[in-house]
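Right, one structure below, let's go through it.
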There are 2 protein chains.
Amino acid sequence: MDMFRKRCKQLGLACTHQRLIIYRALASSASHPTPEAIYDQVRHEIPSISLATVYKNIKTFTEAGLLREVSVLHDSLRLDANLGNHHHLVCTRCKAVIDIPEEKLDPIRLRGKLPDGFVADRFLVEILGLCAACAKGRTN
Amino acid sequence: MDMFRKRCKQLGLACTHQRLIIYRALASSASHPTPEAIYDQVRHEIPSISLATVYKNIKTFTEAGLLREVSVLHDSLRLDANLGNHHHLVCTRCKAVIDIPEEKLDPIRLRGKLPDGFVADRFLVEILGLCAACAKGRTN
DNA sequence: CTATTGAACGATAATAATTATCCTCCTGTC
DNA sequence: GACAGGAGGATAATTATTATCGTTCAATAG
């Protein structure tokens with residue numbers, strides 16, 4: 001948590017009580033919580049906190065690099081009628097999704113057993129980066 | 001499209017005009033469209049179609065296996081305060097997300113250049129399947 | 001230690017995305 | 001062609017997220 005104070009200072013962010021509690025809730029959770037879940041947990045300590053504050057700080061933290069979104073494409077449903085094996089290039093700026101054949105990657109292979117009795121079905125790989133257009137100009 | 005008619009019959013789905021047009025729009029698109037985008041395209045052919053119909057059929061097709069969602073976790077923002085390199089086990093039933101260290105997979109490596117001038121930044125791997133609880137019972 | 005200032009908070013309205021409802025209509029079968 | 005049940009259309013409802021705006025608090029200077 002002292003590290004959090006330092007990072008805030010570096011980033012020019014006020015180290016408010018709310019931010020500390022929110023960050024601690026996030027950092028101490030292993031379940032990759034939703035904003036609502038964080039809100040529910042944080043309210044135990046700050047009953048008067050607003051859900052908007054949780055959302056705002058999640059965005060702030062994410063932009064500051066303290067936090068990541070588990071899925072880059074969570075904002076809207078994206079559909080794929082291509083049922084063959086392939087992977088996706090995903091532009092983190094414009095959210096374009098481009099197919100590439102799976103042979104473009106070395107095969108994905110597990111080393112040893114998965115924890116927790118998890119039963120794997122398939123691998124989903126997203127290659128995150130910038131599409132040609134977004135890589136070129138900051139204009140779009 | 002004849003294949004689509006057959007699949008509908010197999011699945012016990014009525015092969016309506018709307019479904020045909022919606023499926024064709026999906027299958028002919030390389031851009032992994034959103035429901036809204038499909039709606040906009042389909043309206044060229046069926047101006048009176050309802051957005052709800054598009055959503056309903058997308059769900060129907062997805063459940064029937066004619067279609068996939070690009071991202072399993074699109075429904076709500078999920079957060080990750082673990083900035084170290086790791087991958088995720090994602091339960092497709094309950095949407096649990098479990099970290100695994102990246103050493104549990106053979107290294108992800110590109111073979112050759114990416115198309116379209118795409119500039120890769122990092123690889124995101126999700127191992128899709130069922131968590132222990134969901135694998136056991138159909139009860140949750 | 002207090003005053004000051006801008007950033008952050010809380011409450012809530014607004015927007016966006018998705019789902020549910022309900023009545024009418026069409027597809028598939030007899 | 002008639003019938004039955006699934007499907008469509010219009011729209012309300014719900015859920016998730018963002019914006020607004022007045023008030024409060026954290027950080028810094030004095």
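Keep in mind that what you see is a predicted model, and the values were worked out from it rather than measured. Lettering follows sequence order; numbering is per chain, from 1.
Residues A:D99 and A:H88 have side chains that bring a donor and an acceptor to within less than 3.5 angstrom of each other. B:S71 and A:S71 are linked by a side-chain donor-acceptor pair at a separation below 3.5 angstrom, with hydrogens and angles left out of the test.
With the end axes of the helix from C:dC1-D:dG30 to C:dC30-D:dG1 each set by five pairs, the angle from one to the other reads 40° at 10° resolution.
In this structure, the side-chain contact (heavy atoms from CB on, under 4.5 Å) partners of A:Y55, at least two apart in sequence or on a different chain, are A:P35, A:L51. Partners of A:I98 according to the side-chain contact (heavy atoms from CB on, under 4.5 Å) rule, which considers only residues two or more places apart in sequence or in another chain, are A:L89, B:D116, B:F118.
No side-chain donor-acceptor contact under 3.5 Å links B:T62 to the backbone of B:R68. Between the side chain of B:R19 and the backbone N or O of B:A14, at least one donor-acceptor pair lies under 3.5 Å.
Note on B:H74: a side-chain N or O is less than 4.0 Å away from OP1 or OP2 of C:dT18. Phosphate contact (OP1/OP2 of D:dG8, side-chain N/O of B:S48, threshold under 4.0 Å): absent. Side-chain N/O atoms of A:T60 include none lying less than 4.0 angstrom from OP1 or OP2 on C:dA8.
Whole-Å rounding puts the B:L13 CG to C:dG28 C1' distance at 13 Å. Across the protein-nucleic acid pair, B:N57 atom CG and D:dA7 atom C1' stand 8 Å apart, rounded to whole Å. At whole-Å resolution of the value, CD in A:Q18 and P in D:dC25 are 9 Å apart. Rounded to whole angstrom, the span from the CG atom of A:L20 across to the C1' atom of D:dA26 amounts to 12 Å. Rounding to whole angstrom units, CG of residue A:L77 and P of C:dA16 are separated by 18 Å. The CD atom of A:E36 sits 10 Å away from the P atom of D:dT15 (whole-angstrom rounding). Taking atom NZ of residue A:K9 and atom C1' of nucleotide D:dT28, one finds them 9 Å apart after rounding to whole Å. In this structure, A:L51 places its CG atom 18 Å from P of C:dA14, rounding to the nearest Å.
Among the nucleotides C:dC9, D:dG8, C:dA20, the one closest to any side-chain atom of A:R19 is C:dC9. With distances taken from any side-chain atom of A:A52 to the nucleotides D:dA16, C:dA17, C:dA11, the minimum falls on C:dA11. In this structure, the nucleotide among D:dT17, C:dA8, C:dG10 sitting nearest to the side chain of B:S76 is D:dT17. Of the listed nucleotides (D:dT17, D:dA7, C:dT19), C:dT19 has the atom at the smallest distance from the side chain of B:Y55. Which of D:dT17, C:dG10, D:dT11 sits closest to the side chain of A:T53 comes down to C:dG10.
In terms of position on DNA chain D, the residue among B:D75 and B:H17 whose nearest nucleotide sits closer to the 5' end is B:H17. Toward the 5' end of DNA chain C, the nearer of the two residues B:C15 and B:K59, judged by each one's closest nucleotide, is B:K59.
Side chain B:K56 to base D:dG6: no donor-acceptor pair is found below 3.5 Å.
Ring-plane geometry between A:Y23 and A:F4 is classed as parallel, the angle between the planes falling under 30 degrees on a 0 to 90 degree scale with a further cut at 60.
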Test log, rule side-chain contact (heavy atoms from CB on, under 4.5 Å), inputs A:L130 and B:D121: CA-CA 8 Å; A:L130 295 176; B:D121 172 35; over 6 Å; no
